[in-house]
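As structure tokens, the structure follows; a few thoughts come after it.
Throughout, protein chains are lettered first and strands after them, A, B, ... in sequence-line order, and every chain is numbered starting at 1. The analysis underlying the following values was restricted to heavy atoms, covering all of them including side chains, and did not include hydrogens, waters or symmetry mates.
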Amino acid sequence: MGVVRLSSSMTEPRDYKPTLNLPKTSFPMKANLAQAEPATLARWQANDVVGAVTQARAASEPFVFHDGPPYANGSIHVGHLLNKVLKDIVVRSVLMEGRACHYVPGWDCHGLPIEHRVMTGLVESGKAAKLDTLSDDHRRMAIRRECAAYATKFIKSQAIQMQRLLTLADYANPYFTMQPQYEAGTLEVFADLLEQGFVFRQLKPVHWSIANQTALAEAELEYEDRVDPSIYVDFEAADRAKVDAVFKTECACNPSFMIWTTTPWTLPANLAIALHPTAQYALVEMDGSLTIVAAEMLERVAAIVGATTVTTLATARGSDLVGLEYRHPFCDRTGRIVAADYVTMDDGTGLVHTAPGHGDDDYRTGLREGLDVYCPVQGDGTFDATAPAWLRGKVVWDANTLVVEHLRASGHLVHALQFTHSYPHDWRSRTPVIFRATEQWFIGVDRRGVRAGQSLRTMAMDAVNNSIKFVPQWGYSRMKGMIENRPDWCISRQRAWGLPIPAFRTPNDGVFMTAASVRAVAACVRDKGSDAWFTLSPAELLGSYDAGSDPDAPQDLDISALSKMYDIFDVWFEAGSSWNSVLRQRGIGFPADLYLEGSDQHRGWFQLSMLPALGVTGVNPFRTLLTHGFLVDKDGRKMSKSAGNALDVDVILKDFGAEVARWWVSGVAYDGDIRIDLDYFKVAGESYRKVRNTLRFLLSNLYDAPPWTQEEALAIARAAKPESIDGWLLGELSLLELECRAAYKAYDFRRVHLGIFNFCNESLSSIYCAAVKDRLYCDAADSPRRRQTQATARTAMEVLCRLLAPFLPHTAEEAWTALRGSDAPLLFSQVHLGIAATRDARWDEVMIARSAVSKALEGAKSLGIENPLDAAITLPDPIGALAPFAAELADLCGVSRVALDAEASTVTVADLRSQPRCDRSWRRDSTVRQRSDGGMLSDRDALSVGVLPKLS
RNA sequence: GCGCCAGUAGCUCAGCUGGCUAGAGCACACCCCUGAUAAGGGUGAGGUCGAUGGUUCGAGUCCAUUCUGGCGCACCA
């Protein structure tokens with residue numbers, strides 16, 4: 001019998017495979033994310049994971065993190081994907097630290113983009129004309145109903161898409177800016193600001209449609225060519241001597257300032273002439289009269305007006321002319337020369353006709369110079385009583401001709417011609433619009449508040465400089481610059497789709513609105529929503545208002561005589577009140593620990609949340625500001641549908657899955673531009689798979705591990721000798737855990753990502769798993785050495801699941817369940833282990849030696865030693881640094897034998913191919929001999945299969 | 001035009017307060033393994049650090065200018 005077996009084993013090695021502890025696992029290699037993720041999502045929803053997590057953290061210190069509301073319009077794009085995933089990583093990493101985080105998703109619902117789309121739809125379907133026959137309230141309500149339905153529809157679809165990204169948030173109780181309680185919260189903020197004295201009403205020019213008697217937004221304008229008179233007009237200097245002083249001349253007659261305009265009808269409102277402070281201006285004699293124009297423009301102007309003799313008498317800097325006065329050509333007043341940076345030398349004369357009531361630039365210049373925002377044009381486009389008699393009651397378009405003729409007659413007109421230019425038109429009536437000053441509501445940034453005695457700008461600057469943490473740092477300078485420069489905040493809009501500014505018109509054309517009256521309306525809105533403004537009477541709206549207890553109430557207030565005004569709030573005011581409407585009203589906490597949005601929100605939500613919160617509470621609404629850059633395509637160009645370089649979120653989810661997308665986000669350097677391309681998801685998919693397979697290897701070797709608790713496994717792992725491979729891994733694992741947790745806290749997700757990837761790729765896959773394979777497969781199943789390794793692998797899994805959970809909630813949970821069984825506790829009810837094992841620096845030398853062996857083996861391939869198990873290595877060990885690790889070196893290097901030699905200077909590779917090979921472990925160990933069962937086995941393998949060494 | 005930011009191997013990025021022949025991962029090439037297998041391991045090639053000028057014994061790293069791109073703001077009377 002023995003002889004027979006012997007001969008067969010000589011020709012054909014025995015098959016010991018069934019005696020090995022080969023890996024087994026239910027955790028599949030292929031993630032199948034596109035199918036598996038929706039199932040996970042459904043399970044989370046069915047099991048109310050949000051509720052369970054909230055409950056698990058009920059007693060924990062809350063981390064207040066507040067969602068900035070995206071606009072409820074359209075499908076989500078990759079920018080949302082980035083933003084929402086980053087936020088979710090924050091939420092989940094905070095939870096894994098054991099803190100509570102009640103994250104409420106929000107949506108911005110009001111505003112022009114939706115109203116504009118709805119109106120376009122109504123125009124196209126022919127319903128818009130019918131609207132115009134309704135009363136103001138009914139027409140507005142009809143539009144509002146359409147808008148609300150539109151917003152609701154997109155909130156629903158976006159919520160589904162956002163959940164598909166596997167984000168964990170209270171989707172059952174989201175916030176919308178159109179919710180009654182939200183609107184009431186916004187009005188309360190407004191009431192407080194009013195009380196503090198920050199709110200005021202002032203004229204400001206807006207685009208005005210004469211046909212519809214309404215202000216229009218940029219989006220409602222269509223630019224069409226229009227022919228207007230283009231005129232060059234002389235404005236006579238008021239004091240010839242002063243002009244002489246500036247130019248150092250002695251004029252024979254009175255000089256004039258020549259301006260150019262294509263809107264003669266705005267001349268009655270002229271209050272100043274703007275020039276560029278650093279440009280040169282020339283005093284010229286032009287066909288007998290003295291005129292001042294920009295030196296640079298002289299030649300062109302002379303050619304246009306057809307001047308025959310032109311002589312420059314003198315030149316002066318623009319800044320020297322500032323302060324000179326001129327006589328208005330047909331109104332009985334003088335105007336002043338002012339400086340303005342925006343004056344260019346592209347058109348005109350270098351001297352700009354300035355009417356603060358009819359232009360944005362003019363308006364700002366006027367404010368700076370303390371000029372009136374004078375606008376003699378009424379809502380119907382006619383001139384009012386303050387205009388010269390010959391213009392009163394005339395429509396501006398007719399006034400154009402009248403003004404030109406008047407100037408011609410009075411000798412002020414230098415030249416007139418017909419000029420075709422692009423001009424804004426009302427998109428609905430297709431009539432030209434005018435720029436006209438109207439009364440608007442403002443929040444003043446430089447007014448001192450009643451309580452704090454400080455202006456919003458001062459408070460905001462203080463917050464920026466002293467109490468806000470900016471991530472990344474450059475957000476500081478950006479925010480600072482914006483706060484320093486920002487003008488007063490115009491919060492009123494003349495639209496239907498929004499939260500009404502609850503002001504009332506009194507019979508004598510005054511305005512009634514006090515903090516108390518706003519609060520009364522807020523109470524009504526909390527109950528009935530802002531539609532109430534359009535469906536109820538002033539008396540009903542002010543039902544809870546008591547003039548007697550309102551110190552600000554006007555003496556002769558007659559509520560029954562009030563009429564409603566119809567301005568609505570800038571949507572930014574609503575979004576900027578979310579700290580009150582959501583964080584405070586819902587008792588989530590104030591201020592927030594973190595606001596996180598794209599860098600465009602420095603001007604938007606960030607800043608416009610700061611101002612109201614500071615005004616009302618004196619406290620900045622967020623402690624830390626985290627901002628991310630914008631997505632650009634792989635050539636660094638911005639994404640847009642028109643350029644065709646936009647990526648579709650649905651395609652990404654279908655082809656790669658949310659987890660791969662999340663894995664990509666986690667590894668991205670989010671400060672600054674972020675390049676995005678489908679190829680990058682392929683790369684992310686590869687590295688995801690690498691991590692996944694590493695987890696799978698660990699899991700597959702735990703199938704027969706004893707049912708340790710996590711603490712028991714950790715205790716066994718900790719007991720490993722520092723010189724063992726397990727001891728080494730535990731040190732690395734501990735370091736990884738420490739570094740990742742610190743990086744999560746610093747919002748440096750990329751560092752976590754790279755840390756985890758490198759750990760899986762190198763520490764585990766390349767070093768540990770390869771080294772430990774032999775003992776896992778070949779040692780007796782319950783040998784202490786194998787159990788030790790299993791406990792270490794188990795601990796590594798416990799740590800990795802937790803570290804990965806914020807990035808890969810689905811995969812981490814899948815692995816967690818594979819590790820702990822289907823009755824495992826919820827992963828997000830767990831906290832990090834904190835294994836705190838010390839990393840033994842002596843291993844550095846070992847790893848250096850290991851690399852040296854790899855290189856030496858590469859060289860040995862030319863000698864025919866292609867399989868490392870055919871090699872025996874001799875390592876130089878002059879100072880005995882490697883000696884303590886001698887028992888692990890062969891496994892670590894993947895070779896059959898390693899010897900140390902204090903005298904050697906280089907790594908040598910010996911050929912073992914003539915030495916017997918173990919049929920079971922394939923190693924050419926020095927103990928390999930033929931055993932009683934006829935197989936060639938090493939001592940360890942003989943022991944493992946229970947075959948006694950054959951007596952020789 | 002103004003403010004902020006970025007520009008390092010084919011790709012994604014490290015390179016702290018300036019200091020040895022500029023690093024890593026992916027991709028690529030070649031090889032090994034076939035008991036992690038639509039897996040795993042090894043070795044290697046690859047960069048005038050956007051450009052120009054300057055400071056310095058020495059600059060990817062500091063300064064100036066410039067080009068390209070992104071975000072925001074302003075502007076076309």
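A straight line from CG of A/Asp671 to P of B/A6 spans 8 Å, rounded to a whole angstrom. The nearest whole Å value for the distance from the CG atom in A/Asp228 to the P atom in B/A77 is 11 Å.
Using cut-offs of 30° and 60° on the angle between ring planes, the pair A/His415 and A/Tyr232 is tilted.
A/Ala780 approaches A/Ser944 most closely through the heavy-atom pair N-OG, 3.1 Å.
For the OP1/OP2 pair of B/G25 and a distance below 4.0 Å, the side-chain nitrogens and oxygens of A/Ser687 include no atom meeting the criterion. Proximity of A/Lys773 to the phosphate of B/G35: no side-chain N or O atom is located under 4.0 Å from OP1 or OP2. Between A/Ser765 and the phosphate of B/G41, there is a side-chain N or O to OP1/OP2 separation shorter than 4.0 Å. In terms of phosphate contacts, A/Arg696 brings a side-chain nitrogen or oxygen within less than 4.0 Å of OP1 or OP2 of B/U37. In this model, the phosphate group of B/G40 is not approached by any side-chain N or O of A/Asn761 to a distance below 4.0 Å at OP1 or OP2. Applying the 4.0 Å criterion to OP1 and OP2 of B/C4, one finds that A/Tyr476 has every side-chain N and O outside that range.
When heavy atoms are screened at a 4.0 angstrom cut-off, A/Lys690 is found touching the sugar-phosphate backbone but no base atom.
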With 3.5 Å as the limit, what N/O pairs link the protein to nucleotides 30-33 of chain B?
{"residue": "B/C31", "atom": "O2'", "partner": "A/Lys861", "partner atom": "NZ", "Å": "3.3"}
{"residue": "B/C31", "atom": "O2", "partner": "A/Lys861", "partner atom": "NZ", "Å": "3.4"}
{"residue": "B/C32", "atom": "O2'", "partner": "A/Glu866", "partner atom": "O", "Å": "3.2"}

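Using atom C1' as the reference point in both B/C62 and B/C28, the two lie 37 Å apart (nearest Å).
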